[in-house]
Amino acid sequence: MSRESLPKTFDFQSVERRLYRWWEKNGYFRPTNDPARPGFDPARKPFVIAIPPPNVTGELHLGHAMFVSIEDLLVRYHRMRGVPTLWVPGADHAGIATQLQVERLLEREGTRREAVGREKFVERVWEWKRKYGGIIFDQLRRLGASCDWERERFTLDEGLSRAVREAFVRLYEKGLIYRGPRLINWSPGLRTAVSDLEVEYSEEPGTLYHFKYRIKGSTDFIPVATTRPETILGDTAVAVHPEDDRYKRFVGATALVPILDREIPVIADESVVREFATGALKITPGHDATDYAVGQRHGLQVLSVLDEAARVNAHGGPYQGLDRFEARGRLWEDMRHAGLVIKEEPYTLNIPRSQRGGEIIEPMISTQWFVRIQPLAEVALAAVRDERIRIIPERFEKVYANWLENIQDWCISRQLWWGHRIPVWYCPQGHQTVTRQDPERCSTCGADHLEQDPDVLDTWFSSGLWPFSTLGWPDQTADLAYFYPTSVLETGYDILFFWVARMIMMGLEFTGRPPFHTVYLHGLVRDGRGRKMSKSLGNVLDPRWVMDGATIEQIREAGTSQEVEEAYPKGLPAMGTDALRFTLLTSASPGNDLNLSLDRVEANRNFANKLWNAGRFVVGNLAGLPPAGSSSALPPTPADRWILSRLAQVVAEATRLMEAYQFGEAGRQVYEFFWGEFADWYLEVSKVQMAESADRARHTARVLVTTLDACLRLLHPFTPFVTEELWGNLRRAAIAAGDEFGPREGWPEALIIAPWPTPQHSVDDNALADFALFADVVRAIRNLRTERKVPTGSRLAARIVAGRALPVFEAMRPALITLAHLDGQRLEIAASGQDTPHGVPLTVGPVEVHVMLEAAGGQASERPRLEAELRDVEAHIERLEKLLAGDFAARAPAAIVGKEREKLAAHHETRARLKHQLGE
RNA sequence: GGGCGGAUAGCUCAGUUGGUUAGAGCGCAUCUUUUACAAAGAUGAGGUCGCAGGUUCGAGUCCUGUUCCGCCCACCA
């Protein structure tokens, strides 16, 4: 009956949502040991992951699919190992990204944020967040993320805002936060400062402008080159190398800024590269980082010539009000007329662009808040160096160290409205008041007219607190005491500096402990040809299409590449969450980018279906099982011993690999075992065994249940849905079939909380060898059938000279007949051959097989094949004998040498067989 | 300029303490719709593991050099 109740293909579409709701409703995502609940045991060590909080503006993409797959795998694995497990979900308010969304909304309404006003605007953003902020969580659920949703957090919620405030005040009080004018990266479009990390440099063709810097009171000039002529307006020195014979006589002279005729000094500085361009350098401390450093060394004036929209300001004289690029052109033309232009040459520029939107960033002097990062960086560096934190893959430890060793102070203020307002108040005297509670009066002079700093904090400031702020910090909550530090921090290597390093710094600073002991970094998901997925390339693959399918119209509408269209002209078939997860988990290795191929996802969809059907077979057989006969104690068959030995090996190996963070290999091993050994071989043999007798059937069913159950458990962290659904059916069928089919400790209520398997049987090496030989014989006969084009339906007679493997072949006789399509009436199995060999001779190691092909050619035609085999074997023998005669036998480990000796012995045996068959 | 990664079958990729006949999926060829599964089964073809040296009894795996591709960091205008 249940055979009929299970559909032929796995209908993941309907199953996935149902199971997720069921898991969540039953509370399986909550930690089994919870400080808030009765029976709490503080001594049990939990496994904890803080989710990398997606942006509230987020749309599900393959990066999410990747992190959910890996983190959910870890979480499910530890949960099954019986460890109290917590995965804290949440979202990031994502300052700029979210503010832009709402600004765009206002634009459509025909207004702007400045017109709406700060308070109203922020309210609009909250409104927007309430409306769309939850969508990303539904999408994470779709991927199977088993987070504890009752602990969901948001970087801008009340508790986390308090944490941010506390962190800021503490750093301020320690003198690690300061405010001041510095050269920072300015985004003229967004009108805010951004951090060094938010700037990307892109090589672009441009021009190097050569011109004359006139010397005051002389007709002499110094030739200077620049890529940005408009910055001439802000020059406050001309620098030459102190030992440059061409120019050193000018040092100390006064130069005249072109057009403006402002007087500036000529200085000498070692940093000037004599060989580059003209060998003389104009210094613009107000708009160039290098020049800023030179200016600091020489006490030069710092002149800002651009306003916040990157237009020339009053210092620019006649160019005031012009956009920087327009000013560039005008100034250069004016200089040409003034005879100051030498030449223009094509030059490749390294242009700083905003990571968001790509607009050109202008280095500018601006008063901002900074974190003095050195002391924090040193502690963070030590934590990795002394292995309190381990990074996987290891090579990123060097990248991490290199960054922290050369780190610059962190600009944390942003001129935005959406975010954590900087908790600093100014009185009319300009005193700063920084407190945990909003102050009434100035802490210095007592003035009661205070104004709060208008800026907000960099989003990463709050994310840096994430592992502990989500657990209640700064309050010493029970959650914080029990679940902190977290265990593994898993994320993409692209935010190692942005997020991981800052969490480590902040965690150590505020809690005195590393926020996690392991950092696992995954690579970026790229398209099938290795390109970054981007809207402009039109190669973005939406994970929802992969899971649920997409029509060709949907794909075209999203502007996805030809590639997908060509491969799937009728649209993408639905392939399910499990297939996507398994693909991401098994085809990627840590820290390496993955070119996702849809073929692979499809193959794994087929794997899910394979699981489903093999499971269906086992479940169906349980339902139709005959009642037990008189003698229920039967010895296991060679096939039973083999599969249970292999299962024990696979369980041990998969567990070892999971512990070693080699998830992909663990998944692949179980895949190979399930499909290539259990389904392809044991299942086929089991059909024969089930038909033998009632007792044998029940016995075989137990092996089937044991193996399937273990495989489903091993695979559950990878493919949670198909395994849970199947396991539920298996459980029901097994319970109905009798106690003997259950695990000794009974069936748990759900796979998600079932214990991770441990090896239940010892590995029987003889059983492994016996079955390998059996399978080789079957393959050899099948091969012959194909080679000789024997019709599928016809059965062949055969004679097998099994030697010492006789008992195995006798025991496997019925399976041999079925799998090799032999004629049972005319199959002879003997220990040794007495007669002249007849039929087509095959040699499988120590076993000699003669297959009777009535219609086929004579025995003579077999000579070439047998001779070829003999040559092959003799080559092996020669190689091995040479190997064993050399230093190898003396120097290699005994076990390795022994293995080679065994191989040699087997080859000798084969050679004897072949010679015998050739009549020698 | 410094650092890192990749280069393995036609394609996409595995291959973690070096073990001697290198694996998978897709694709390809031939056969099969046999009651778990055609999203399948059976059989097969296909690789001097980028190149050159070295260490070792033994190298895809370790070392050195080198070529191509990609990434990160960096104050030569």
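Residue numbers start from 1 in every chain, and the chains themselves are labelled A, B, ... in the order their sequence lines are given, proteins ahead of strands.
When only modelled atom types and interatomic distance are considered, A:E198 and A:S195 share a side-chain donor-acceptor pair under 3.5 Å.
Atoms CG and CZ, from A:L521 and A:F396 in turn, are 6.0 Å apart once rounded to the nearest 0.5 Å.
Searching all strands for a Watson-Crick or G-U wobble partner of B:C31 with both distances below 3.5 Å returns B:G41. The nucleotide B:G25 finds its pairing partner in B:C11, both defining distances of the Watson-Crick or G-U wobble pair being shorter than 3.5 Å.
Rounded to an integer number of Å, the gap from A:L404 CG to B:A74 P is 12 Å.
Residue side chain A:R605 reaches the base of B:A39 through a donor-acceptor N/O pair under 3.5 Å, judged by distance alone. Between the side chain of A:E672 and the base of B:A14, no donor-acceptor pair under 3.5 Å is found. Between the base of B:C37 and the side chain of A:K8 there is no donor-acceptor pair shorter than 3.5 Å. Between the base of B:U12 and the side chain of A:R600 there is a donor-acceptor pair shorter than 3.5 Å.
Residue-level contact check: A:Q662 touches the bases, meaning some heavy atom is under 4.0 Å from a base atom. Residue A:A660 is out of contact with every strand shown, counting any heavy-atom pair closer than 4.0 Å. If you check every strand for non-hydrogen atoms under 4.0 Å, A:N350 touches a base. Within 4.0 Å (heavy atoms only), A:A614 reaches at least one base atom of the nucleic acid.
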Footprint string (nucleotides 58-71 of chain B, 5' to 3'): B base within contact, S backbone only, - free, heavy atoms under 4.0 Å: --------------
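Contact annotation: A:W675 side-chain N/O to B:G41 OP1/OP2 distance is under 4.0 Å.
A:R616 forms no cation-pi arrangement with A:W727, by the criterion of a distance under 6.0 Å to the ring centre and an angle within 45° of the ring axis.
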